[in-house]
Amino acid sequence: TALMRTPISWYDVTPSGRIVNRCTKDQDDVDVNLPFTLQVAIGNVLQVLFVIGMIGAITPLFLILAFFLFAYYISVVGYYLKTAREIKRVCSILKAPLLTHIGETYNGLYILLSLIHISEPTRQAEISYA
């Protein structure tokens, strides 16, 4: 939805490869990765809660230690998510020029081929005048 709210001037200065790359990656994540990831996450959360509940029923002192471990885990996850988001952004930026170059080369291929066909009779004409 962020692409729909951008001004038209942004499309003028942003290479088309970067825009296409952004759209295809988002759609791939939604279609392929999200259902599987959600299923695995729900299964893991339920399993961890069950195990912690069983250990807490047998050894109540463990619940105090588990609380501090959970707080530490939350801080590590926050750091990881920031780092992973930045790495994905850098990878996307590095990949966009390559996709733009390929697209522009493909679009300009007809011009190059027409120049080759035009320059061949010109060369033959120059040879015959010499």
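In this structure, the separation between CD1 on I52 and CZ on F70 is 8.5 Å, given to the nearest 0.5 Å.
Under the 4.5 Å side-chain heavy-atom criterion for Ile, Leu, Val, Met, Phe, Trp and Tyr, I87 and V90 are members of distinct hydrophobic clusters. In the hydrophobic clustering of this structure, F67 does not group with L49; members are Ile, Leu, Val, Met, Phe, Trp, Tyr whose side-chain heavy atoms approach within less than 4.5 Å, directly or through other members.
With sequence neighbours excluded, the residues satisfying side chain to side chain contact (heavy atoms under 4.5 Å, CB included) with L46 are I42. Checked against side chain to side chain contact (heavy atoms under 4.5 Å, CB included), L69 has the following partners two or more places apart in sequence or in another chain: L65. Every residue two or more places apart in sequence or in another chain that forms a side chain to side chain contact (heavy atoms under 4.5 Å, CB included) with V40 is listed here: F36, N44.
With E86 as the partner, the side chain to side chain contact (heavy atoms under 4.5 Å, CB included) test is satisfied by one option alone out of K82, R89, K88: R89.
For I74, the CD1 atom is densely surrounded, since the number of other residues' heavy atoms within 6.0 Å is greater than 12. Around the OH atom of Y73, the shell of radius 6.0 Å holds no more than 12 heavy atoms that belong to other residues, nucleotides or ligands.
The backbone N or O of Y72 sits less than 3.5 Å from a side-chain atom of S75, completing a donor-acceptor pair.
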